[in-house]
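Okay, handing you the structure first.
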Amino acid sequence: MQYLHTMVRVSDLEASLHFYCDLLGLREVRRKESEKGRFTLVYLAAPEDEARSTELQAPELELTWNWDPETYTGGRNFGHLAYRVDDIYALCEHLQAHDVTINRPPRDGHMAFVRSPDGISVELLQAGEPLPPKEPWASMENTGTW
C-alpha cells in the first residue's frame, strides 16, 4: 500500500492556491481541467516531496474546485492536514503577517494549527526537536477551533 494524496474541495481556487502555495510554501505539480465534468483538480506537493510527486504522483494534496458554486461546511470533521516545517515560529509569523489566524499557537515550539480559506485544519509540526518556547507564542491563547 502507498499513500497517494488527500483531496479537499475548495470554493475559491485562487484563495486556496494563495494559502497553500504562497503562504505555506507548497508547489503546484500538475493540473487537470474537465470541461465535461465542470471541475479543476490541482495537485500540490511540499518542496521536499516534489521529486517523489513528479515520479510517483505521491504524496500530494489534491485541491478539487467545482466550477458550479457549492457551499462546503464542516472542515473540522475532515480532520486535518499535517506538514513538517523547518522553523515553526518563522512560518507562523509569515502566516500571521498575511492575516491568517493562528488557531493553536506553537506555545511548545513544536505544534501549531491554522485553517485554510475553506476551513480545513492544517497542523504544522516543527522538524526535529521542538524549538525553545518564546514570546509571543508561549503566552498566546487559542483562537477559535482547529
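The analysis underlying the following values was restricted to heavy atoms, covering all of them including side chains, and did not include hydrogens, waters or symmetry mates.
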Check: L4 and P59 side chains under 4.5 Å, non-hydrogen atoms: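 They are not in side-chain contact.
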Heavy atoms of other groups near D12 CG, more than 12 under 6.0 Å: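 Enclosed: over 12 neighbouring heavy atoms sit under 6.0 Å from CG of D12.
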E62 and T64, any side-chain heavy atoms less than 4.5 Å apart: yes
Q126 and P130, any side-chain heavy atoms less than 4.5 Å apart: no
R115 side chain to V100 backbone, donor-acceptor under 3.5 Å: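 Judged by distance alone, no pair lies under 3.5 Å.
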Heavy-atom side-chain proximity of V42 to L13 below 4.5 angstrom: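 Result yes, sub-4.5 Å side-chain heavy-atom pair found.
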Side-chain touch I102/W137, heavy atoms, less than 4.5 angstrom: yes
Of all pairs that satisfy salt bridge (charged side-chain N to carboxylate O under 4.0 Å, His left out), the ones with a partner from residues 44-58, not counting sequence neighbours: R27-E50, D49-R52
Side chain proximity check, E60 to L44, heavy atoms < 4.5 angstrom: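 With C-beta onward as the side chain, the pair stays apart.
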ring-ring contact (aromatic ring centres under 6.0 Å, His included) partners of residues 8-48, not counting sequence neighbours, each pair once: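 Listed once each, the pairs are H5-Y43.
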E129, CD atom: more than 12 neighbouring heavy atoms under 6.0 Å: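 No, the 6.0 Å shell around CD holds no more than 12 heavy atoms from other groups.
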Student check: side-chain heavy atoms of T101 and V114 closer than 4.5 Å: no
Flag if over 12 foreign heavy atoms under 6.0 Å of CZ, R30: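 Counting neighbours around CZ of R30, more than 12 heavy atoms of other residues, nucleotides or ligands fall under 6.0 Å, so yes.
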Hphob cluster co-occupancy, V29 + L23, side-chain heavy atoms under 4.5 angstrom: no
Exam field: side chain S116 to backbone I120, donor-acceptor pair closer than 3.5 Å: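 It does hold such a pair.
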Closest contact, heavy atoms only, P117 versus A15: CG-O, 3.7 Å
Linked, directly or transitively: V85 and L24 (ILVMFWY side chains, under 4.5 Å): yes
Steps toward side-chain contact (heavy atoms from CB on, under 4.5 Å) verdict (L63, V8): CA-CA 5 Å; L63 303 181; V8 294; 3.6 Å; yes
Linked, directly or transitively: L81 and V10 (ILVMFWY side chains, under 4.5 Å):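 Yes.
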Nearest non-hydrogen partners of N103 and P105, listed with the distance: O-CD, 3.7 Å
Heavy-atom check, side chain of Y83 versus side chain of L125, under 4.5 Å: no
Stepwise side-chain contact (heavy atoms from CB on, under 4.5 Å) test for F113 and V122: CA-CA 6 Å; F113 274 90; V122 179; over 6 Å; no
E123: partners by side chain to side chain donor-acceptor pair (under 3.5 Å), with sequence neighbours left out: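 With neighbours one apart ignored, the set is H80.
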Main-chain N/O of R104 paired with N142 side-chain donor or acceptor, under 3.5 Å: no
D118 side-chain N/O to S11 backbone N/O, donor-acceptor pair under 3.5 Å: yes
Any donor-acceptor pair under 3.5 Å from H110 side chain to P106 backbone: no
